[in-house]
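Notes follow the structure.
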Amino acid sequence: MANDREVLREIWDGKIPICFHLAQEEIMEIQQPDPFYVMVPRLSYFPLVTDKMKRHFLRYISQENADNEMWLDYNGQALKWHYPIGFLYDLFCGNDPQLPWTLTVHFTKFPETVLLHCPNKDVVEAHYMSTVKEADVLKHRGQVMSTMQKKDHNQLWLGLQNDKFDQFWAINRRLMESHGDNEGFKHIPIRIYTDDGISCQRLISPKNNDGSRKTVQQLLSELYPDKPEVKLRTHGVLIPLDTPLQWLSEHMSYPDNFLHICLC
């Protein structure tokens with residue numbers, strides 16, 4: 001079981017200051033809207049933290065667009081709401097950090113071929129729970145989620161949605177722990193992304209053939225044998241090459257129980 005609570009708490013408390021600007025071509029008032037500044041949890045999703053921001057800008061756009069689905073971009077690249085916020089920041093700004101992170105808000109020209117529609121938070125919840133179940137299949141052959149009751153699923157989701165660490169981890173610890181002292185996870189739920197947002201997802205064992213714990217260096221040698229200088233970043237930090245994958249999964253996974261890692 002991941003017993004280093006301080007590490008888990010530090011990861012949970014990670015936040016990013018964001019400056020939202022309304023797209024200039026959508027402003028219908030003479031008075032320019034002030035940018036909207038907010039601190040958002042790295043582990044959350046944009047649809048869960050943008051309600052106040054949306055209300056702030058609605059008064060400045062055409063009323064015929066007020067009911068349109070809002071979307072965000074960074075430097076012209078649409079941001080996929082179903083990725084955790086912290087991962088998106090690492091993907092686009094990891095090599096050139098900027099704070100606050102300046103994003104553009106849109107109410108028109110929704111990029112249908114790039115983004116999934118998200119009309120309400122129920123869609124976020126459905127996506128999140130689906131991903132948690134996928135991670136459980138990789139780790140425990142689906143044995144943990146299948147034994148949980150509906151109230152446990154609700155507590156897990158509400159803990160994330162409301163940024164309640166204790167509420168969330170009271171349930172999520174079951175998904176994070178290894179079942180059996182020497183067994184570990186069956187596979188490590190991990191997605192490694194290049195700078196264009198394309199992910200590499202394979203069945204990754206936490207152990208080597210001789211039973212020893214697999215490290216990040218050994219993972220990179222398997223996946224990228226022709227790239228000896230490649231490094232990995234998550235939660236804003238470069239991952240030491242001697243880090244065991246099992247430890248990394250237990251302590252630095254996102255709330256969906258996947259390691260979301262940027263190749264750099």
Donor-acceptor contact present, side-chain Gln143 to main-chain Thr147, <3.5 Å: no
Heavy-atom neighbours of Asn209 CG exceed 12 at 6.0 Å: no
Ring geometry between His260 and Tyr254 (parallel below 30°, tilted from 30 to 60°, perpendicular above 60°): perpendicular
Pair Gln24-Gln32, side-chain donor/acceptor within less than 3.5 Å: yes
Asn257 side chain to Ser253 side chain, donor-acceptor N/O pair below 3.5 angstrom: no
Full working for ring pair (Phe, Tyr, Trp, His ring centres under 6.0 Å) between Phe110 and His117: CA-CA 9 Å; Phe110 188 90; His117 281 285; 4.4 Å; yes
Student check: side-chain heavy atoms of Gln161 and Lys121 closer than 4.5 Å: yes
Arg9/Asp13 ion pair, N-O < 4.0 Å: yes
Donor-acceptor contact below 3.5 Å, side chain Thr243 vs main chain Pro240: yes
Pairwise side-chain contact, Leu232 with Leu220, heavy-atom cut-off 4.5 Å (strictly under): yes
Closest contact, heavy atoms only, Glu69 versus Cys118: OE2-N, 2.5 Å
Carboxylate-amine/guanidinium contact Arg5 Asp166, below 4.0 Å: yes
Donor-acceptor contact present, side-chain Lys80 to main-chain Leu116, <3.5 Å: no
Min side-chain heavy-atom separation Leu259-Pro189 under 4.5 Å: no
Heavy-atom closest pair, residues Ser205 and His187: N-CD2, 4.3 Å
Check: Ile171 main-chain N/O paired with Gln155 side-chain donor or acceptor under 3.5 Å: no
Aromatic contact, His82 with Tyr45 (centres under 6.0 Å): no
Distance, nearest 0.5 Å, that separates CZ of Arg174 from CE of Met148: 5.0 Å
Tyr224 and Glu229: side chain donor to acceptor below 3.5 Å: no
Hphob cluster co-occupancy, Val38 + Leu103, side-chain heavy atoms under 4.5 angstrom: yes
Cluster overlap Val105 with Leu115, hydrophobic side-chain contacts below 4.5 Å: no
Nearest heavy atoms of Tyr74 and Thr102, plus distance in Å: CD1-O, 3.4 Å
pair Met145-His140: side-chain heavy atoms closer than 4.5 Å: no
Close aromatic pair by centroid cut-off 6.0 Å: Phe168 and Trp12: yes
Leu158 to Gln167 - nearest heavy-atom pair and separation: CB-NE2, 3.6 Å
Check: Phe258 main-chain N/O paired with Asp256 side-chain donor or acceptor under 3.5 Å: yes
Close aromatic pair by centroid cut-off 6.0 Å: Phe87 and Tyr193: yes
Same cluster (ILVMFWY, side-chain, under 4.5 Å), Val237 and Leu245: yes
Rounded distance (nearest 0.5 Å) linking atom CG of Leu241 with atom NZ of Lys231: 8.0 Å
Pairwise distance OG(Ser62) to CZ(Phe107) - rounded to 0.5 angstrom: 11.5 Å
Worked verdict on Gln77 versus Phe92 for side-chain contact (heavy atoms from CB on, under 4.5 Å): CA-CA 9 Å; Gln77 299 184 76; Phe92 291 112; 3.4 Å; yes
Salt-bridge present (Asp136, Arg141; N to O < 4.0 Å): no
Side-chain heavy atoms of Leu219 within contact of Ile190, under 4.5 Å: yes
Under 3.5 Å donor-acceptor, His127 side chain and Val123 backbone: no
Test log, rule side-chain contact (heavy atoms from CB on, under 4.5 Å), inputs Val137 and Lys133: CA-CA 6 Å; Val137 169; Lys133 290 176 182 178; 5.7 Å; no
N/O donor-acceptor pair under 3.5 Å between Ser212 side chain and Asn208 backbone: no
Check: Gln217/Asp242 side-chain N/O donor and acceptor closer than 3.5 Å: no
Separation between CG of Leu72 and CE of Met53, rounded to the nearest 0.5 Å: 5.0 Å
Cluster link Leu91 to Val230, ILVMFWY, side chain under 4.5 Å: yes
Main-chain N/O of Tyr128 paired to Trp157 side chain as donor or acceptor, under 3.5 Å: no
Side-chain donor or acceptor of Ser130 paired with backbone N/O of Ala126 under 3.5 Å: no
CD-CD1 distance between Gln218 and Ile204, expressed to the nearest 0.5 angstrom: 12.0 Å
side-chain contact (heavy atoms from CB on, under 4.5 Å) assessment of Met252 paired with Trp247: CA-CA 8 Å; Met252 302 192 76; Trp247 185 95; 4.1 Å; yes
Residue pair Ile85 / Leu43, side-chain heavy-atom distance below 4.5 Å: no
Close side-chain approach of Pro17 and Tyr37, heavy atoms under 4.5 Å: no
Cluster link Trp71 to Leu22, ILVMFWY, side chain under 4.5 Å: no
Residue pair Leu58 / Ala66: nearest heavy atoms and the distance that separates them: CD2-O, 3.8 Å
Non-hydrogen atoms of Phe185 and Met176 that approach each other most closely: CZ-O, 3.0 Å
Within 6.0 angstrom of Asn120 CG, more than 12 heavy atoms from elsewhere: yes
SB check Glu134 Arg191 (cutoff 4.0 Å): yes
Rounded distance (nearest 0.5 Å) linking atom CD1 of Ile261 with atom CG of Leu248: 5.0 Å
Ring centroid separation Phe20 to His56 under 6.0 Å: no
Asp73 and Lys109 ion-paired at < 4.0 Å: no
Verdict with reasoning, Arg59 to Glu29, per side-chain contact (heavy atoms from CB on, under 4.5 Å): CA-CA 8 Å; Arg59 75 190 79 167; Glu29 298 291 326; 6.0 Å; no
Pair Trp101 and Tyr89, ring centroids less than 6.0 Å apart: yes
Test: Glu222 and Lys214 ion pair at under 4.0 Å: yes
Asp90 side chain to Cys93 backbone, donor-acceptor under 3.5 Å: no
Side-chain heavy-atom pair Leu88, Phe46 within 4.5 angstrom cut-off: yes
Exercise: do His235 and Glu10 side chains pair donor with acceptor under 3.5 Å: no
